[in-house]
Amino acid sequence: MNGNDITWLGLGFGILSLLLPIAILIKYKTNLAKPTIIAFSRMLVQLAFLGLYLKYIFELDSIYLNILWIIIMMIAAGFSVTNRSELPLRSFLLPVTGAVLTNVLINATFFAILILGPEKTSSARYLIPIMGMVIGNTLTSSIVGIRSYINVVTKNEDEYKFNLMSGADFKEAQQDFIAFALRDALNPGIASTAVIGLIWLPGMMTGQILGGSDPLTAIKYQIVIITTIFVGSVITLLVAIHLIKRMTFDDYGNLNRNLINSGKNGSDR
C-alpha cells in the first residue's frame with residue numbers, strides 16, 4: 001500500500017477473487033456466469049474511462065459540463081430502468097427519464113443547495129459524485145417497483161375491473177396496486193437501513209474513513225446520503241408509476257397488454 005491508496009497488484013488480486021463466485025455459478029448451471037463476466041468487464045472499462053474523464057472535469061470545473069454529465073447520467077438511468085423493467089423503450093423511456101429528472105431536481109435543490117451550500121453544489125467534485133449516488137442508488141428500487149406494478153396489474157385485471165364497477169374511479173382502482181409495488185421495492189432498503197452501523201457499514205462512510213476523514217464527519221455525510229437516496233427512491237418510483245400507468249391503460253381504462261408485451265418480446269425498441 002502507498003498511504004491510503006490501493007496498489008495495482010492489490011487491485012488485480014481483488015479482481016481475481018471473482019473466479020470463486022464465477023466457478024460456483026458455472027458448477028450449479030445458473031446461466032449467470034457469462035452475464036457476471038460481462039457486467040464486471042463493463043464496470044472496469046466504464047470506471048477506467050470515468051476516472052480519466054472526471055480528472056479533466058474536476059480540473060475544468062465548468063457548470064455547463066457538470067450539467068451535461070448529469071443529463072447523460074439521467075438518460076442512461078432511464079434507459080436502464082426501462083430496459084430492465086421489460087418495457088418498450090420507444091413508449092416508456094421518456095416518462096421513466098422524467099421520473100429520474102424529478103428526483104434529481106428535488107434532491108439537488110434540497111440536499112445539494114440547502115445542505116452543502118451553493119458554492120459546493122456548483123463544484124464538480126461535489127455535484128457529480130452526489131448526483132451519481134442519488135441517481136444510481138434508485139435504479140434497483142425503480143426496476144423492482146415498476147416490474148411489480150406491471151405484474152400485479154396484469155395478474156389482477158379482474159380485481160381492477162371489479163373496483164371500477166363498484167364505483168371506484170381510475171385513481172382509486174389503482175391504489176392497492178401502487179401500494180403493493182411500493183412495498184415490494186422499498187422493503188429491502190428499509191431493512192438494510194435499519195441495520196446500518198450494527199451489521200452494515202456503508203461504502204461512502206468506509207471510504208471516507210479509509211481516506212483519512214474524521215469518523216463523525218463521515219457519519220454525518222452518510223446519514224444525509226442514505227436519507228437522500230431513500231427519498232429519491234420513493235420519488236422516482238412513485239412518479240414513474242404515475243407517468244406510465246396512463247400509458248399502461250387506454251382511454252377507456254382497459255389494460256393495454258399489446259404495449260406491455262411489446263417490451264417483453266423485444267419489439268418496439
Side-chain angles (χ1 to χ4, degrees), residues 1-6 10-11 14 43 46-47 50-51 53-63 65-74 76-77 99-142 144-145 182-183 185-239:
M1 291 278 238
N2 181 16
N4 293 315
D5 197 4
I6 297 176
L11 179 62
M43 178 198 72
Q46 288 166 184
L47 287 181
L50 181 63
Y53 183 79
L54 288 183
K55 178 182 178 181
Y56 295 104
I57 287 289
F58 289 168
E59 290 176 354
L60 293 172
D61 203 11
S62 167
I63 187 63
L65 283 177
N66 297 345
I67 293 174
L68 177 61
W69 185 251
I70 292 172
I71 291 173
I72 292 172
M73 287 194 292
M74 289 190 297
V100 177
L101 173 62
T102 305
N103 169 32
V104 169
L105 291 177
I106 292 176
N107 280 300
T109 301
F110 184 77
F111 174 73
I113 296 177
L114 297 182
I115 296 178
L116 290 181
E119 185 177 343
K120 287 185 177 179
T121 300
S122 61
S123 171
R125 188 169 294 275
Y126 286 92
L127 182 62
I128 292 177
I130 288 171
M131 288 300 103
M133 283 188 289
V134 169
I135 296 172
N137 283 282
T138 62
L139 295 186
T140 300
S141 59
S142 297
V144 171
L182 289 171
R183 285 195 300 270
L186 299 175
N187 260 329
I190 294 172
S192 62
T193 300
V195 295
I196 289 178
L198 179 65
I199 299 174
W200 175 40
L201 296 180
M204 179 183 176
M205 185 179 75
T206 303
Q208 282 189 304
I209 293 173
L210 291 176
S213 296
D214 179 74
L216 288 178
T217 300
I219 287 171
K220 286 189 289 184
Y221 268 99
Q222 190 63 63
I223 290 172
V224 176
I225 284 292
I226 290 293
T227 303
T228 305
I229 288 172
F230 182 75
V231 171
S233 297
V234 176
I235 291 172
T236 304
L237 178 55
L238 187 61
V239 172

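The distance from the CD1 atom of Ile71 to the CG atom of Asn66 is 11.0 Å, given to the nearest 0.5 Å. Residue Met133 holds its CE atom at 9.5 Å from CD1 of Ile226, rounded to the nearest 0.5 Å. Atom CG of Leu182 and atom CG of Asn187 lie 10.5 Å apart (nearest 0.5 Å). Residue Gln222 holds its CD atom at 6.5 Å from CD1 of Ile196, rounded to the nearest 0.5 Å. Summarising the geometry, atom CD1 belonging to Ile67 is positioned 10.5 Å from atom CD1 belonging to Ile128; distances are rounded to the nearest 0.5 Å. The CG atom of Leu50 lies 5.5 Å from the CH2 atom of Trp69; values are rounded to the nearest 0.5 Å.
Across all non-hydrogen atoms, the minimal contact from Pro129 to Phe58 is CG-CZ, 4.4 Å. Ser142 and Thr236 make their closest contact through OG-CG2, 3.4 Å (heavy atoms, listed as atom of the first residue, atom of the second, distance). Closest approach of Leu186 and Ser233 over heavy atoms only: CD2-CB, 4.2 Å. In terms of heavy-atom proximity, Ala77 sits nearest to Leu139 at CB-CD2, 3.6 Å. For Ile57 against Ala124, the heavy-atom pair with the smallest separation is CG2-CB, 3.7 Å.
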Go through it in stages, so that I can follow the logic: the residues are Met131 and Leu127, the test is side chain to side chain contact (heavy atoms under 4.5 Å, CB included), and I'd like the CA-CA distance, side-chain angles, deciding distance and then a yes or no.
CA-CA 6 Å; Met131 288 300 103; Leu127 182 62; 3.9 Å; yes
Run the side chain to side chain contact (heavy atoms under 4.5 Å, CB included) check on Val239 and Asn103 step by step: do they pass?
CA-CA 9 Å; Val239 172; Asn103 169 32; over 6 Å; no
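Considering only heavy atoms from C-beta on, Ile190 comes within 4.5 Å of Phe230 through its side chain.
Partners of Thr138 according to the side chain to side chain donor-acceptor pair (under 3.5 Å) rule, which considers only residues two or more places apart in sequence or in another chain, do not exist here. Residues meeting the side chain to side chain donor-acceptor pair (under 3.5 Å) test with Gln46, sequence neighbours left out: Arg42.
In this structure, the side chain of Asn137 does not engage the main chain of Ile229 through any donor-acceptor pair within 3.5 Å.
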